[in-house]
There are 2 protein chains.
Amino acid sequence: MTTIKDVAKYAKVSVATVSRVLNQKGYVSKEAEQAVKTAIETLNYKPNAVARTLYHKTSGMIGLLVPDIANPFFPELARAIEDVALKKGYTVVLCNTDNELKKEQHYVHALQQKYVDGLILATGTGTYEHYETLDLPVVALDRFVSANIPTVVSENKNGAKAATEHLIEQGCAFIAHLRGPKGLNPADERYEGFKEVVEANGIAHIIVETGFQIEQAEEAVRALLEKHPTIDGIFTSSDVAAAGAMKAAHTLKRSIPEDLQIVGFDGILFGNMLVPSLTTVQQPIYEMGELAIQLLVQLIEKRSLQSYWHELPTTLTIRGTTKGGGA
Amino acid sequence: MTTIKDVAKYAKVSVATVSRVLNQKGYVSKEAEQAVKTAIETLNYKPNAVARTLYHKTSGMIGLLVPDIANPFFPELARAIEDVALKKGYTVVLCNTDNELKKEQHYVHALQQKYVDGLILATGTGTYEHYETLDLPVVALDRFVSANIPTVVSENKNGAKAATEHLIEQGCAFIAHLRGPKGLNPADERYEGFKEVVEANGIAHIIVETGFQIEQAEEAVRALLEKHPTIDGIFTSSDVAAAGAMKAAHTLKRSIPEDLQIVGFDGILFGNMLVPSLTTVQQPIYEMGELAIQLLVQLIEKRSLQSYWHELPTTLTIRGTTKGGGA
DNA sequence: CTGAAAGCGCTTACAG
DNA sequence: CTGAAAGCGCTTACAG
């Protein structure tokens, strides 16, 4: 690798001068500038980012912590973040935590030691509370961590209410809710929204908790439908769980949406690939990612934020698994 | 941030001694060691990874270049890579290239300047040929770049042959192949495999090219089925395209697998979420990712490789979209 | 306008 | 066994 010294030697100037033309700051004569530019060109010199980082204490990298990139909600989020990062000159380090405290801590330490400029937390065990004392810009995405940390979420509760109301409007009289893990923010809020609406309308309902694996959801729904054959509506806390519900319904020869209506939550791409395509509460996934990194960059650049709480609207997308929609 | 100097001062030794206990190399007395350890503990000192990188010219980071992490094949791959990286003490930088030469070049430069220890290329325009002269360990994944670069792929051609043979065995007489972009290695090989089998068996066939968007595939298959209503089998170059084919079939009221049988390629998770679930050529996605990073780490650690060519077996997973399987 | 020097935080020969 | 010093590649006051 050619270094700034090589360039200086070739251009017959000092390294300070080379540095000045590199950073376009400070005075430098036309002749010196030209000589340096020629030297850079002919030696194919690229400044060493690590040395710069050591001096500036800023690396141009941000850490993205997700539970599991293989969970289809997160790739879309990651893509949005990476797109904006590219434009703004940042680079994204991907970390899968599996919601395990140990992995989370490990990554936070590793990233800090590398001088990352900031962190986007799309994960959180809820137990690792050191983010505020980290002295590092942090944005929480799809999760609430602390009031001092800018947060980007979608309208989980409202979305859940809309989904539940839709099922009721379409004639469901006994609705099951497949809720996500307790203690997980979005799952709790979706549950709240569901409960509020069924209770307000005096609708029979039942709640079952599942994780993010399709098999769990499928099994849960199969058991549920066998035990309660009169269930005619299901609202799931994720689209993946909805797909599991659809598989279970298919196995039990319950036709969708005639016998059983299903509404998912997330609006990930594959919902539209299902047959019938999935009615779901669409989160503005890409926009959430975009906003999160924009806020993070503002924080990094020490610009002040107008708001620390950003709740983006969800929209009910009616498709083939409920009666209001098409195929 | 506390530095090695602070620790040295607190422990009343030189920074050299602190460094020695940090790295557990060189002689250091029990007393000095103890003093340093206490100092590290009480000051909560973490060594600065950037300074180390500057000296050692090795960062503990690897770059992962994929076309688009939102394309469901890549998150599974990325997850495998990240899992192994975590175990081996590396960190993964995620780069989406969209198969654009400009983005690819940008990332390669940016990563090099950050002293990444190696690159995994799961993308490639085929035009950027500088990887061999990069002086950086590189592994090609799901793509052939050069004979000098260790390569991990799956048996694309054999998989395609098995898929096509399966369709013929199940009675298909007029088979369409939705091939991926020309010039893209895996797509070309799958096409070759298909062609060989249909030609050897004298089966009527037709080829259409599509990209990786479900909408393209759906539209292509709709047009195809309208023009050629006697098509009774489709082999697609990806599972996403197969989902598009299923949607088109559904729209045209062609029942699967009775009227129309479909085989995909990839074996991504969501194939199993479809109804009927998708018969597909399963690539060992996780294993491919694992192997790629293991090879890369071997390269980084200057251990020699037995082989530069790793072709992992694919398996035909017969499910609900062809007649041999279940639902 | 320009260069010598100190410093970012670490590591490792080199003397002792 | 231990410390002073040089060096990794850059940047920026400070003199001139």
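A quick note: this is a predicted structure, and the numbers were derived from the prediction, not measured. Order of the sequence lines sets the chain letters (A, B, ...), proteins ahead of strands, with each chain counted from 1. Both backbone and side-chain heavy atoms feed into the values below; hydrogens, waters and symmetry mates do not.
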For nucleotides C:dG9 and D:dT2, find the distance between their P atoms and express it as a whole number of Å.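 My reading of the P atoms in C:dG9 and D:dT2 gives 25 Å.
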Rounding to an integer number of angstrom, what distance separates D:dG7 and C:dA4 when you compare their P atoms?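 Nearest-Å result for D:dG7 against C:dA4 at atom P: 16 Å.
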Any side-chain N or O of [X] below 4.0 angstrom from OP1/OP2 of [N]?
X: A:K57; N: C:dG9; value: yes
X: B:T53; N: D:dC8; value: no
X: A:N48; N: D:dC8; value: no
X: B:R20; N: C:dT11; value: no
X: A:S14; N: C:dA4; value: no
X: A:R52; N: D:dT11; value: yes
X: B:Y55; N: C:dC8; value: no
X: A:S19; N: D:dT12; value: no

What is the distance, rounded to the nearest whole Å, between atom [atom1] of [X] and atom [atom2] of [N]?
X: B:K25; N: C:dC10; atom1: NZ; atom2: P; result: 16 Å
X: A:I4; N: C:dG3; atom1: CD1; atom2: P; result: 12 Å
X: A:K30; N: C:dC1; atom1: NZ; atom2: C1'; result: 12 Å
X: A:K5; N: C:dA5; atom1: NZ; atom2: C1'; result: 13 Å
X: A:H56; N: D:dG9; atom1: NE2; atom2: C1'; result: 13 Å
X: A:Q112; N: C:dG9; atom1: CD; atom2: P; result: 14 Å

Give the nucleotide from the list [options] with an atom nearest to the side chain of [X].
X: A:N23; options: D:dA4, C:dC1, D:dT11; value: D:dT11
X: B:A16; options: D:dC10, C:dG3, D:dG3; value: D:dG3
X: B:V13; options: D:dC1, C:dT11, D:dG3; value: D:dG3
X: B:A32; options: D:dC10, D:dT2, C:dT12; value: D:dT2

Can a salt bridge be assigned to the pair B:E41 and B:K37 using a cut-off of 4.0 Å between side-chain N and carboxylate O?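 Looking at B:K37 together with B:E41, the answer is no, because their closest N to O distance does not fall below 4.0 Å.
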Checking side chain to side chain donor-acceptor pair (under 3.5 Å) for the pair B:S59/B:T53: CA distance, chi angles, key distance, verdict? CA-CA 5 Å; B:S59 64; B:T53 295; 5.5 Å; no
Donor-acceptor contact present, side-chain B:E311 to main-chain B:V152, <3.5 Å: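 Pair absent, no side-chain N/O of B:E311 close to backbone of B:V152.
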Only one of A:T123, A:T97, A:L94 forms a side chain to side chain contact (heavy atoms under 4.5 Å, CB included) with A:V66, so which one is it?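 That would be A:L94; it is the only one of A:T123, A:T97, A:L94 passing the side chain to side chain contact (heavy atoms under 4.5 Å, CB included) with A:V66.
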In Watson-Crick or G-U wobble terms, both distances under 3.5 Å, what is the partner of C:dC1?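 Its partner is D:dG16.
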Pairwise 5' ranking along DNA chain C for B:T17 and A:K12, keeping only the more 5' one: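 Its nearest nucleotide lies further toward 5', so the answer is A:K12.
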4.5 Å side-chain heavy-atom contact, B:E31 and B:Q34: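 They are not in side-chain contact.
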A:L54 or B:Y27, whichever maps to the more 5' nucleotide of DNA chain D: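 Nearest nucleotide further toward 5': that of B:Y27.
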Could you tell me whether the side chains of A:Y107 and A:N96 share a donor-acceptor contact shorter than 3.5 Å?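 Checked: A:Y107/A:N96 side chains show no N/O donor-acceptor pair below 3.5 Å.
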